[in-house]
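Heads up, the thing below is written out as structure tokens.
No hydrogens, no waters, no symmetry mates; every other heavy atom, side chains included, goes into these values. Treat the numbers as computed from the prediction; the structure is a model and nothing was measured. All chains are named by letter (A, B, ...) in the order of the sequence lines, taking the proteins before the strands, and each is independently numbered beginning at 1.
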2 protein chains.
Amino acid sequence: MKTTRSTTAKTAIYELIMNSDVALSHSEIQKLAGDLCDRVTIYRILDRLVIEDVIHKIATPDGLLKYAVCQKTEKHSHNHIHFSCENCLSVTCLDAVEPIFEVPENYSIKGVNFTVSGFCPNCS
Amino acid sequence: MKTTRSTTAKTAIYELIMNSDVALSHSEIQKLAGDLCDRVTIYRILDRLVIEDVIHKIATPDGLLKYAVCQKTEKHSHNHIHFSCENCLSVTCLDAVEPIFEVPENYSIKGVNFTVSGFCPNCS
DNA sequence: AATAATAACGCAACACTGTTGCAATAAATT
DNA sequence: AATTTATTGCAACAGTGTTGCGTTATTATT
Ligand SMILES: [Mn+2]
Ligand SMILES: [Mn+2]
Ligand SMILES: [Zn+2]
Ligand SMILES: [Zn+2]
């Protein structure tokens, strides 16, 4: 069985995402990380953190991928909505907002990716 | 004022999307279109069709962009859910399904991108 | 029908994003 | 301390999307 290891790069990148109030893209993480590690390593670390379910991968309406911590709190819903600002391009988790919907029976649901776009409080 | 023109490539690409029962990506459209036009032209045509609001741009959970016609029917909701199959990677518009949700007041909503992933009826 | 204006096009060149293979490194176990 | 192997760095690559510019084709005007 393949075990997971905790490395300096991995913990550092996790803390970057942790301490950010908005979701971060790979390139944003790379800028923040400086010369912490190679950019390929960042891709692989992000993949691992997603598999380990400690961060979420979010696709913006333009197909850009961003990453945010999975808040393991009571109010947190895995299926929460994300807000994507059309002006400052920030992506924010609205952890408490869980949408209600219903799909036809013959579809089986494994996950959701809900993004609402518009202007964030700073840009309104 | 910049007017829009109808060209052979534009109408052909619109019909490709129109006649597909699943959302199509740029590369899929390119394969279907053959040597109809340059791939850059396809990008520009897709942009125009989106601006003209005759097709929708959909981001899959993996950040892949797909395009589908905007069904101008009664049941059609602009804010409908899309289903992304993890097996066959097809993206389908669930035109009748409109999710219910509520965001904090200080956010202004311009559009939504709701994608549910799992297994489609064919792959269940 | 011929002309003029310009939206749309093809092509080349580029930037950005993400992946893969492999040898070297470092974390965890013994 | 030695062993195992997950992780890393590097180079090389594939895919996606953009931009500039000269040419073509659509549309409006004469
Ligand atoms: Mn979560
Ligand atoms: Mn629509
Ligand atoms: Zn904003
Ligand atoms: Zn399927």
Measure from [atom1] on [X] to [atom2] on [N] and round the result to the nearest Å.
X: B/Y43; N: D/dG20; atom1: OH; atom2: P; value: 18 Å
X: B/L36; N: C/dA8; atom1: CG; atom2: C1'; value: 13 Å
X: B/L46; N: C/dC9; atom1: CG; atom2: C1'; value: 15 Å
X: A/K57; N: C/dT17; atom1: NZ; atom2: C1'; value: 12 Å
X: A/R48; N: D/dT5; atom1: CZ; atom2: C1'; value: 13 Å
X: B/H26; N: D/dT18; atom1: NE2; atom2: C1'; value: 12 Å
X: A/D38; N: D/dA12; atom1: CG; atom2: P; value: 13 Å
X: A/I51; N: D/dA6; atom1: CD1; atom2: P; value: 13 Å

I want to check one thing: is the phosphate of [N], taken as OP1 and OP2, less than 4.0 Å away from some side-chain N or O of [X]?
X: B/T8; N: C/dC9; result: no
X: B/S27; N: D/dG17; result: no
X: A/T41; N: D/dG9; result: yes
X: A/R5; N: C/dT25; result: no

If you measure from CD1 on A/I58 to CD1 on A/I81, what distance do you get to the nearest 0.5 Å?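 Atom-to-atom, A/I58:CD1 and A/I81:CD1 are 12.5 Å apart.
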
Quick one: pull up OG1 in B/T7 and CZ in B/R48 and give me the separation to the nearest 0.5 Å. 6.0 Å

Please determine whether any donor N or O and acceptor N or O are separated by less than 3.5 Å between the side chain of A/R44 and the base of D/dG9.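 In this structure, the two groups form a donor-acceptor pair.
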
Indicate, yes or no, whether a donor-acceptor pair under 3.5 Å links the base of D/dG15 to the side chain of B/R39.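 By the distance-only test, no, there is no pair.
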
Among the nucleotides D/dG9, C/dC9, D/dT18, which one has an atom lying closest to any side-chain atom of B/D47?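 Given the options D/dG9, C/dC9, D/dT18, the side chain of B/D47 is closest to D/dT18.
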
For the side chain of B/I45, starting at C-beta, report the closest nucleotide among D/dT8, C/dC9, D/dG9.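 Among the listed nucleotides, the one closest to the side chain of B/I45 is C/dC9.
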
First of A/T7 and B/T3 reached from the 5' end of DNA chain D, by closest nucleotide: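 Upstream on the strand: A/T7.
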
Checking all strands, does B/L65 fall into the base, sugar-phosphate, or nothing category for heavy-atom contacts under 4.0 angstrom? sugar-phosphate

If we ignore hydrogens and angles and just use 3.5 Å, is the side chain of B/H56 paired with the main-chain N or O of B/A23 as donor and acceptor? no

B/K2 or B/V40, whichever maps to the more 5' nucleotide of DNA chain C: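 Closer to the 5' end of DNA chain C: B/K2.
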
Are more than 12 heavy atoms, taken from residues, nucleotides or ligands other than B/E52, located less than 6.0 Å from that residue's CD atom?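 Atom CD in B/E52 is packed in, count exceeds 12.
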
Stepwise side-chain hydrogen bond (donor to acceptor under 3.5 Å, both in side chains) test for A/K10 and A/T4: CA-CA 11 Å; A/K10 186 181 170 188; A/T4 179; 3.1 Å; yes

